[in-house]
Amino acid sequence: KLVGYTEEELHAKTTFELNHPDEIPRNWTLREELLAGKRAFYEIEKRYRTKDGNWVWVSNRVSLVRDGLGNPKFTVAVVQDITERKRAEEKLRESEDRYRDLVEHSQDLICTHDLDGRILSVNPQAAKVLGYEQAELVNVNLRDVLASSVRHEFDGYLAAIRTDGTAQGLMLVQPRAGEKRVWEYHNTLRTEGVSTPIVRGMAHDITEKLRAKQALQKRTTQLRMGEVLARMASLEWDIEPAHLTWSRSPESLLGPRPASGSYPLFKDMVHPEDREQFLESRQAAREGLEGHFLDYRIIRTDG
């Protein structure tokens, strides 16, 4: 039933005719050791070819029966079908390979550590950013890779992990060489399926993002200061809702704010002789045409 042959058909075959070619040498060696008395039995997992040409995995436990004089008489093999188990193992192995590949090649920073902060594992990207080999970081306390100015906060982080099972925020790390880096992390505690609790650490290096944000804020501040000194103003016009946003208080450009608190529609403040050209430029902007320069007059609230 296992291999699809009748009993008569099997009597005409040797067991080696059923075996996968790759497994015959090892099977033969075990058989010879059994016959030579070097072992009382042997166990092997191997593949049998079925009558329809497919392969099934089996577990064999083979023992030798001797006659009254101690001469080999025949072997007894207990054969168990383990095909489903092997398929499950293969699927698990493939899943582990995919997970390992994902972790090993991730650009995020991945590690595990115990509840004292001792690093248990770390992926290549995290080690690279810190300037270490992976093996060098195993058993190092995570506290020791933080910048010295923030290490006093580490006990609070560990307390949050123990109490809440999760912790997130920013951490300032000090690579072996080079400038400090800022990591945004989200760590969780794992208690199920492990002998002792471990922390799963996931982080992303946002150093360059923060630097770009700071540079933008600096340029924006400089622009605002420049506009104040030059008695200028800039505006952003959101086309669809026709909403205007001024970079600074518009009084110096549009005149005193009316008693109502709101200025008239901007197009209505444009001088009538310039209004058609202004509206044409606005239409061009709506149609996504190139930017342009336009001179026009505004009638201020003070006339």
Side-chain angles (χ1 to χ4, degrees), residues 107-109 129 146-154 156-157 159-160 164 166-175 178-187 202-303:
Q107 293 303 300
D108 283 331
L109 314 161
V129 172
L146 298 178
S148 57
S149 59
V150 298
R151 289 178 184 171
H152 65 280
E153 301 175 7
F154 193 67
Y157 156 76
D164 304 327
T166 182
Q168 57 187 352
L170 301 180
M171 64 191 322
L172 186 64
V173 299
Q174 177 62 69
E179 299 178 349
K180 299 179 179 67
R181 310 289 298 182
V182 180
W183 291 0
E184 183 177 38
Y185 69 90
H186 186 179
N187 296 358
M202 295 284 294
H204 188 70
D205 192 318
I206 61 169
T207 308
E208 302 308 325
K209 178 181 177 181
L210 288 178
R211 287 174 178 169
K213 182 178 179 180
Q214 292 169 351
L216 177 61
Q217 290 175 338
K218 181 178 180 180
R219 288 194 295 270
T220 301
T221 300
Q222 290 173 335
L223 175 62
R224 288 173 179 169
M225 292 178 62
E227 289 178 347
V228 170
L229 294 173
R231 295 180 56 81
M232 295 174 61
S234 61
L235 60 87
E236 181 179 292
W237 175 42
D238 195 346
I239 296 175
E240 291 303 326
H243 178 70
L244 278 175
T245 303
W246 291 88
S247 62
R248 56 185 291 269
S249 180
E251 280 84 354
S252 63
L253 184 66
L254 303 182
R257 189 177 295 273
S260 64
S262 300
Y263 286 98
L265 290 176
F266 188 70
K267 67 180 181 63
D268 293 335
M269 299 185 71
V270 176
H271 194 285
E273 295 178 5
D274 301 333
R275 193 168 298 161
E276 182 178 355
Q277 186 181 12
F278 169 78
L279 294 176
E280 288 177 355
S281 71
R282 190 172 69 171
Q283 182 61 33
R286 179 179 283 114
E287 294 173 356
L289 300 180
E290 293 287 335
H292 56 276
F293 293 95
L294 179 66
D295 292 332
Y296 55 89
R297 289 162 288 177
I298 294 175
I299 301 178
R300 289 165 46 94
T301 53
D302 57 9

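The basis for the numbers below is simple: all heavy atoms, side chains too, and nothing from hydrogens, waters or symmetry mates.
At a threshold of 4.0 Å, the pair Glu280-Arg275 does not count as salt-bridged, since none of the basic side-chain nitrogens sits closer than that to a carboxylate oxygen. No salt bridge links Glu208 with Lys213; every basic N to acidic carboxylate O contact stays at or beyond 4.0 Å.
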Residues Glu184, Lys209; criterion salt bridge (charged side-chain N to carboxylate O under 4.0 Å, His left out); working and verdict: CA-CA 11 Å; Glu184 183 177 38; Lys209 178 181 177 181; 5.6 Å; no
How far apart are the C-alpha atoms of Val270 and Leu279, what are their side-chain angles, what is the distance that settles it, and do they pass the side chain to side chain contact (heavy atoms under 4.5 Å, CB included) test? CA-CA 10 Å; Val270 176; Leu279 294 176; over 6 Å; no
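The nearest pair of heavy atoms linking Asn187 to Tyr157 is ND2-OH, 2.8 Å. Residues Leu294 and Ser281 approach most closely at CD2-OG, 3.4 Å, considering heavy atoms. The two atoms that bring Met171 and Leu146 nearest to each other are CE-CD2, 3.6 Å, heavy atoms only.
Put simply, the side chain of Arg181 never gets that close to the backbone of Pro175: no donor and acceptor are under 3.5 Å apart. Remark: side-chain polar atoms of Thr301 are paired, donor with acceptor, to backbone N or O of Pro256 under 3.5 angstrom. Using modelled atom types, one side-chain atom of Thr207 and one backbone atom of Val182 make a donor-acceptor pair closer than 3.5 Å. Judged by distance alone, the side chain of Asp302 and the main-chain N or O of Gly255 form no donor-acceptor pair under 3.5 Å.
Other residues, nucleotides and ligands contribute only 12 or fewer heavy atoms inside 6.0 Å of the CD atom of Glu179. Within a 6.0 Å sphere centred on CD of Gln217, other residues, nucleotides and ligands contribute more than 12 heavy atoms.
We find the CH2-CG distance between Trp183 and Leu172 to be 11.0 Å, quoted to the nearest 0.5 Å. One distance of note links OG of Ser149 with CD of Gln174; it measures 9.0 Å at 0.5 Å rounding. Note that CG of Asp268 and CD1 of Ile299 are 10.0 Å apart. Values are rounded to the nearest 0.5 Å. Distance check, rounded to the nearest 0.5 Å: CD1 of Ile298 to CG of Leu253 gives 4.5 Å. A distance of 15.5 Å separates NE2 of His204 from NE2 of His186, quoted to the nearest 0.5 Å. Atom CE of residue Met269 and atom OH of residue Tyr296 lie 11.0 Å apart, to the nearest 0.5 angstrom.
Judged purely by distance below 3.5 Å, without hydrogens or angles, the side chains of Thr166 and Asp164 never pair a donor atom with an acceptor atom.
For the pair Tyr185/Met202, no side-chain contact is recorded, criterion being any heavy-atom separation below 4.5 Å from C-beta on.
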